Amino acid sequence: MFARLNVFTKITLLFVALLVLVLFLYTYSNRESVRVIEHEIQNNTMNHLSTFADSVESNIYQLSLYGMSIGQDSSIQEYQRPDYKDVPYERVKVGSAILEKMNLYNAASKWHSTITLYFPRLQKVISTDYYAYIPYEEDEFSKPLSKSWAYKHNQFVWYTTDPTTAIDTPGKSRLITKISFPVYHLTSMLDQNKLNNKGDPFMFHPEFGLISNTSGNGTLTAIQSKLKEMTLQGKGGFTTTLDRTEYYVSYIHSDSLGWYYVDYVPMQQILGPITNSRNLFYASIAVLIAMSVVVLYVLYRSVQLPLLQLVKGTNRLSTGDFSVRLHHSSRNEFSLLFARFNIMAQRIQELIENVYEEQLRRREATLKQLQSQINPHFLYNCLFYIKNMARMKNEKAVVAMALNLGEYYRYITRSENDQATIKEELTMVKNYLEIQALRLERMHFTIDVPDDMLHKTLPRLSLQPIVENAIIHGIEPRTEDGHINITGHHTDEMCTITVEDSGLGMTENQMQELVDNLNKPLDGNMGCGTWNVHQRLSFLYGEDAGLSYEHTPGGGVKVSITWYNNINE
């Protein structure tokens, strides 16, 4: 199918295919690049968040470890000696030493925390919070303590007991250690992480909300709403769009605090150069397409249209329309080509017209020759018939033959007019049939043509060759009686005269060969009578006029002569 397309269409399709291939390859490459970068962004964000989470967990672990080991300190054991009950000074002295150790730990620790020691048996409290008086209250430890860090009043609190098995019944333990640190430690680490990694981390809890850095913005609130809608796992990430900006959000669950470390990155901020490059490429492609359309349009107007016009003109010329002329307004190579084509078409038309004129003259000369020729056998037979009838003293038959023979030869030898009325043609045919009927007593004929057709005209000697063939090839070869029927009918456009015989007839192959010979050039093996009639009718009235053959129900042949009615009106 591609081979049937013209050159311009092939070039256009190839250009479109190349453009589609380039777009497909670039789009695929761009998507792969974006996918790889997005994967790297996600990994990088998760790694930074993991580093931050590990740093926070490390500090919390140190606090938890100190809370668990402080009960093993010898000063704590000494502070709980029963004999100090009667020596308050010694217990105060030991308590001061314990407080000094706790302050030293706070001084060495990265986070400043508040450490409070509760002694249920002594109902004493030692705390590093100098500005608060903390009394021992039994109701405070009547319920089991939380085994993990708890969030209360903008600080995280963690309890441990000695022994550790007394966490569910803290009132029966020897020592309850309470360690707390304020939220601003986490805020400071969030600020430091944002400064170093250019992220915007925060901490989230479904119940308590979020803990952000000091420069937190409204985006955190929107992300917090998304987090509340989702079922979060221990670690993961997701992509969300806020205010037409796409973000990648990663989170890690803190097993110690029960909160989530969260960080987000605006994808478009990192993918901006790639997006700008993609948009620039697509804009360049759009400009290229627009320029290509203009170029293709110019080529179509300047090359394709003239070529199509030239092809159509050549096709019309090949079908016999030699009046075709091409017109081209532009002054280029095609204007010269069109001018040469018009000169060629004009010369061909002149040659064809000359050939047609010569053919017409030749056909008319043949007709004149037919009109002037006397069939020797037909004339000899008629003269022998007259001789025989004279010997038999049949004066009536001699007179009839002589009169009909004279009228017949007077008509066929007239050459002053090429056209004759149907009435004149039928009179001549009737004379011919009368002659043949006198010779062949077994032949009969009927003529049934409407009166309103008798004034119609057709070329002279159009009926006689048909009737002659019906007698010679149809009636004479048979020994039985034969009949020839001549009828006519007409419409507003066409006239038809039919010659039907009951003669020997023809086979299908013979009839098809006869029909094929009507449109072939005349040669020595063909009879020129019916061929001449068909050619004259086709030349004068068009391709639809001429002779047609068909079989009759009785086995003979039916010949129809058809021509246009309005030619001579």
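Residues take their numbers from the sequence shown, with the count starting at 1. Bear in mind the structure is a predicted one, so any value in this text is a computation, not a measurement.
With sequence neighbours excluded, no residue forms a salt bridge (charged side-chain N to carboxylate O under 4.0 Å, His left out) with Glu543. Shown here are the side chain to side chain donor-acceptor pair (under 3.5 Å) partners of Asp544, two or more places apart in sequence or in another chain: Tyr564. Partners of Leu296 under the side chain to side chain contact (heavy atoms under 4.5 Å, CB included) rule, at least two apart in sequence or in another chain, are Phe8, Thr12. The ring pair (Phe, Tyr, Trp, His ring centres under 6.0 Å) test applied to His489 returns no partner, not counting sequence neighbours. Under the side chain to side chain contact (heavy atoms under 4.5 Å, CB included) criterion, Ser538 pairs with His534, not counting sequence neighbours. Looking at residues two or more places apart in sequence or on another chain, you find a side chain to side chain donor-acceptor pair (under 3.5 Å) between Gln512 and Asp516. Residues satisfying the salt bridge (charged side-chain N to carboxylate O under 4.0 Å, His left out) test with Glu476, not counting sequence neighbours, are Arg439. Partners of Arg391 under the salt bridge (charged side-chain N to carboxylate O under 4.0 Å, His left out) rule, at least two apart in sequence or in another chain, do not exist in this structure. Residues passing the salt bridge (charged side-chain N to carboxylate O under 4.0 Å, His left out) test with Arg316, sequence neighbours excluded: Asp321.
Note that the CG atom of Asp452 and the NE2 atom of His490 stand 3.5 Å from one another [nearest 0.5 Å]. Atom NZ in Lys430 sits 6.5 Å away from atom CZ in Phe445 (nearest 0.5 Å). Taking OG of Ser292 as the start and CG of Leu19 as the end, the distance is 7.5 Å to the nearest 0.5 Å. Expressed to the nearest 0.5 Å, how far OH of Tyr282 lies from CG of Leu23 amounts to 7.0 Å. Note that CG of Leu280 and CG of Asn276 are 8.5 Å apart. Values are rounded to the nearest 0.5 Å. The structure places CD1 of Ile466 at 5.0 Å from CD1 of Ile561, a figure rounded to the nearest 0.5 Å.
In this structure, the side chains of Leu317 and Phe341 come closer than 4.5 Å at one or more pairs of heavy atoms. Side-chain contact between Val499 and Asn469: absent, with no pair of heavy atoms (C-beta onward) separated by less than 4.5 Å. With contacts defined as side-chain heavy-atom distances shorter than 4.5 Å, the pair Gln419/Pro459 qualifies. Counting heavy atoms from C-beta on, the side chains of Ile497 and Glu425 never come closer than 4.5 Å. The shortest side-chain heavy-atom distance between Met46 and Gln42 does not fall under the 4.5 Å cut-off. In this structure, the side chains of Val262 and Tyr264 stay at 4.5 Å or more apart for every pair of heavy atoms. Counting heavy atoms from C-beta on, the side chains of Thr27 and Phe281 never come closer than 4.5 Å. When side chains are defined from C-beta on, Leu227 counts as touching Ile223, because their heavy atoms get closer than 4.5 Å.
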Does the pair Leu433 and Ile471 meet the rule for a side-chain contact (heavy atoms from CB on, under 4.5 Å), with working shown?
-> CA-CA 9 Å; Leu433 289 171; Ile471 295 173; 3.7 Å; yes

Dump the intermediate steps for side-chain contact (heavy atoms from CB on, under 4.5 Å) on Thr530 and Asn517, then the final yes or no.
-> CA-CA 10 Å; Thr530 54; Asn517 289 336; over 6 Å; no

Go through the steps to decide whether Leu337 and Leu326 satisfy the test side-chain contact (heavy atoms from CB on, under 4.5 Å), and finish with yes or no.
-> CA-CA 10 Å; Leu337 183 61; Leu326 302 181; over 6 Å; no

Check against side-chain contact (heavy atoms from CB on, under 4.5 Å), His473 and Val557 | CA-CA 10 Å; His473 301 289; Val557 177; over 6 Å; no

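Scanning both residues, Val449 and Gly488, for their nearest heavy atoms gives CG2-N, 4.0 Å. Between Val533 and Pro465, the closest heavy-atom pair is CG2-CG, 4.0 Å. Among all heavy-atom pairs drawn from Met443 and Ala437, the shortest one is CE-N, 3.7 Å. Taking all atoms of both residues into account, the shortest heavy-atom contact from Ile422 to Met453 is CD1-O, 3.1 Å. Residues Leu242 and Ala222 share a closest heavy-atom pair of CD1-CB, 3.8 Å.
Surrounding CZ of Arg325 are more than 12 heavy atoms belonging to other residues, nucleotides or ligands, all under 6.0 Å away. Within 6.0 Å of the CG atom in Asp451, the count of heavy atoms belonging to other residues, nucleotides or ligands does not exceed 12.
Panel note: side chain Ser502, backbone His483; a donor-acceptor pair is recorded below 3.5 Å. Side-chain atoms of Ser318 come within 3.5 Å of backbone atoms of Asn315 as a donor-acceptor pair (strictly under, hydrogens ignored). Side chain of Ser33 to main chain of Ser29: a donor-acceptor pair is present (N/O by atom type, distance under 3.5 Å, no hydrogens or angles).
Between Phe238 and Tyr251, the angle of the ring planes lies from 30° to 60°, which puts this pair in the tilted group. Between Tyr260 and Phe204, the ring-plane angle classifies as tilted under the 30° and 60° cut-offs. The aromatic rings of Tyr541 and Trp563 sit tilted relative to each other, their planes meeting at an angle between 30° and 60°.
Partner of His444 under the side chain to side chain contact (heavy atoms under 4.5 Å, CB included) criterion, chosen from Ile475, Asp481, Ile484: Asp481.
Sequence neighbours left out, not one pair with a member in residues 500-513 passes salt bridge (charged side-chain N to carboxylate O under 4.0 Å, His left out). Pairs of residues two or more places apart, or lying in two chains, never qualify as side chain to side chain donor-acceptor pair (under 3.5 Å) while including a residue from residues 231-242. Sorted by first then second residue, the salt bridge (charged side-chain N to carboxylate O under 4.0 Å, His left out) pairs that include residues 20-47, not counting sequence neighbours, are Glu32-Arg35.
Side-chain contact check for Asn485 and Thr446: at least one donor-acceptor pair (N or O, by modelled atom type) lies under 3.5 Å.
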